[in-house]
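This report refers to the structure that appears directly beneath it.
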Amino acid sequence: MGKKVVVFGSYVADLTGTGEHLPRPAETVFGETFRIGPGGKGSNQAVAAHRAGADLRLITKVGKDVFGDLALAFYEKERMDTQFVLVDEEAATGVALICVDEKTKQNQILVVPSACTRFGDRDLSQIEDIIRNADILLLQFEINMDALEKAVDIAKEHEVLIVLNPAPAREVSRELLSKIDIITPNEMEAKALTGVEVTNEESALQAAQVFHRMGIPSVVITMGEKGAFYSGGSGQGMIPARLVKAVDTTGAGDAFNGGLVTALSEGKELEEAVRFGNTTASLSVQKFGTAPSMPYRREIDREEAAADLR
Ligand code: ATP
Ligand code: RIB
């Protein structure tokens with residue numbers, strides 16, 4: 001059994017419509033398809049890690065409503081532990097309004113995390129033990145920042161490895177960043193936090209060096225179909241993405257992060273864990289949706305074995 005992974009993050013219901021292009025400001029576009037499914041960066045990453053085989057606990061929050069019921073039914077079907085899926089008495093379950101361009105597969109997202117912005121002191125006392133006893137804590141930015149900061153402090157005090165996926169981009173203190181062990185921004189988030197425009201391996205290295213100077217030992221910058229750059233642990237370099245036909249890249253970063261922490265929980269080095277993250281994400285972009293598109297371990301192993309033969 002691998003090390004214990006805890007994901008503390010958002011659940012939201014993804015309301016996804018596809019159309020022939022993304023609406024411009026004040027424009028209405030006719031859509032082609034519409035689906036409702038489980039989403040939210042925290043939940044997606046937890047599902048990815050669970051399906052990839054990690055010993056996983058998810059801490060999240062839903063409201064007492066139909067979207068909250070959808071979350072619980074999904075976790076039950078996935079056989080995921082729901083002990084730390086907290087229920088807010090007042091706030092609604094979060095939602096994300098997602099538009100996907102059918103041609104380019106690009107998306108735009110308006111996320112309203114609602115219940116997940118209301119982790120209070122009582123919730124923290126309920127989840128303190130599970131964080132303290134974890135080996136790896138994975139966080140994102142779709143929960144209230146004061147709760148995130150407290151979780152980081154608990155983890156730091158108990159020498160839990162802290163992995164931060166700083167998404168979606170938002171302002172954050174240098175003090176918080178200095179407590180992170182591994183940061184996993186995409187190109188835009190890397191630019192927002194370091195000021196470096198990341199477009200290739202060279203600029204990714206520059207951004208990584210800024211993160212290192214902030215006190216973060218390991219950096220992984222995901223770069224869409226180009227793959228991911230890593231710096232830290234045994235070295236640095238670009239690990240190319242798998243060449244696949246993407247049908248929906250929403251949640252690619254979540255698949256990557258779930259795969260990455262699973263590999264780390266199995267004792268893999270950073271470079272190998274990035275490779276595993278790439279494989280996990282490449283399988284997820286070939287399916288529609290976010291959490292439902294996360295691959296199972298047998299699919300990841302099959303893909304890695306096939307790649308070794310190529
Ligand atoms: P999102 O916000 O949509 O979840 P992201 O911007 O956080 O995604 P990306 O950097 O776009 O994350 O992608 C994460 C990883 O997913 C990449 O490092 C790569 O491994 C994989 N990936 C993304 N797009 C593709 C693609 N078209 N083909 C193969 N792999 C892809
Ligand atoms: O990373 C993709 C996720 O971000 C979607 O599932 C949506 O919920 C948004 O929060």
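First listed ligand is number 1; within each ligand, the first listed atom is number 1.
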Answer yes or no: is there an ion pair linking [X] with [Y], defined by an N-O contact shorter than 4.0 Å?
| X | Y | result |
| --- | --- | --- |
| D55 | R57 | yes |
| K287 | E299 | yes |
| R275 | E304 | no |
| D101 | K105 | no |
| R118 | D123 | no |
| K156 | D153 | no |

Check for a donor-acceptor pair, side chain of [X] on one end and backbone N or O of [Y] on the other, with a separation under 3.5 Å.
| X | Y | result |
| --- | --- | --- |
| N257 | L260 | no |
| S43 | G40 | no |
| H158 | N133 | no |

Requested in this report: Find all atoms of ligand 1 within a distance of less than 4.0 Å from any non-hydrogen atom belonging to A246, and give their numbers and elements.
Outcome: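 So the answer, numbered in order with elements, is 27 (N).
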Report task. Check ligand 1 against V244 and write out every atom of the ligand that is under 4.0 Å from a heavy-atom position of the residue. Result ->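 Every atom of ligand 1 under 4.0 Å from some heavy atom of V244: 28 (N), 29 (C).
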Query raised in the report: Taking the six-membered ring for Trp, are the ring centroids of F119 and F8 within less than 6.0 Å of each other?
Result: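 Yes.
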Query - In one Ile/Leu/Val/Met/Phe/Trp/Tyr side-chain cluster, 4.5 Å: L205, I239 - result: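 They do not share one cluster, since no chain of ILVMFWY contacts under 4.5 Å joins L205 to I239.
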Query raised in the report: Linking I/L/V/M/F/W/Y whenever their side-chain heavy atoms sit closer than 4.5 Å, directly or via other members, would I183 and V152 fall into one cluster?
Result: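 Yes; V152 is reachable from I183 via cluster members.
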Requested in this report: Using non-hydrogen atoms of the residue, decide whether G40 is closer than 4.0 angstrom to ligand 2.
Outcome: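 Contact check G40 vs ligand 2: positive.
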Requested in this report: Taking the six-membered ring of Y11 (Phe, Tyr or Trp), confirm whether the NZ or CZ of K61 is under 6.0 Å from its centre and within 45° of its axis.
Outcome: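 Negative - K61 is either too far from the ring of Y11 or too far off its axis.
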Query raised in the report: Is R35 close enough and on-axis enough to F288, meaning under 6.0 Å and within 45°, for cation-pi?
Result: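 Positive - R35 is close enough to the ring of F288 and near enough to its axis.
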Is there a polar contact between ligand 1 and [X], counting only N or O atoms under 3.5 Å apart?
| X | answer |
| --- | --- |
| G251 | yes |
| T250 | no |
| G224 | yes |
| N186 | yes |
| A252 | yes |
| G253 | yes |

For [X], atoms of ligand 2 separated by under 4.0 Å from a heavy atom:
| X | result |
| --- | --- |
| V111 | 10 (O) |
| A96 | 7 (C), 8 (O) |
| V12 | 8 (O) |
| T290 | 6 (O) |

Query raised in the report: Any side-chain heavy atom of I182 within less than 4.5 Å of one from L161?
Result: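 A side-chain contact under 4.5 Å exists here.
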Query raised in the report: Counting heavy atoms only, which of E225, R275, R242 comes nearest to atom 29 (C) of ligand 1?
Result: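 Result: the heavy atom closest to atom 29 (C) of ligand 1 is in R242.
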Nearest-neighbour protein heavy atom for [atom], which is reported as residue plus atom name and distance:
| atom | answer |
| --- | --- |
| atom 3 (O) of ligand 1 | T249 O, 3.1 Å |
| atom 2 (C) of ligand 2 | D254 OD2, 3.3 Å |
| atom 30 (N) of ligand 1 | A241 CB, 3.8 Å |
| atom 16 (O) of ligand 1 | A281 CB, 3.2 Å |
| atom 9 (C) of ligand 2 | E142 OE2, 3.6 Å |
| atom 20 (O) of ligand 1 | N278 OD1, 2.6 Å |
| atom 4 (O) of ligand 2 | K41 NZ, 3.4 Å |
| atom 8 (O) of ligand 2 | D14 OD1, 2.6 Å |
| atom 2 (O) of ligand 1 | K41 NZ, 4.1 Å |

Query raised in the report: Taking the non-hydrogen atoms of G227, is any one of them nearer than 4.0 angstrom to ligand 1?
Result: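 Judged by the 4.0 Å heavy-atom criterion, G227 does count as contacting ligand 1.
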Requested in this report: Using a 4.0 Å heavy-atom threshold (strictly under), name the region of M188 that reaches ligand 1: side chain, backbone, both or neither.
Outcome: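 Answer for M188: neither.
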**Report entry** Within-cut-off N or O pair, I98 and ligand 2, under 3.5 Å
**Finding:**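 In this structure, I98 places no N or O atom under 3.5 Å from an N or O of ligand 2.
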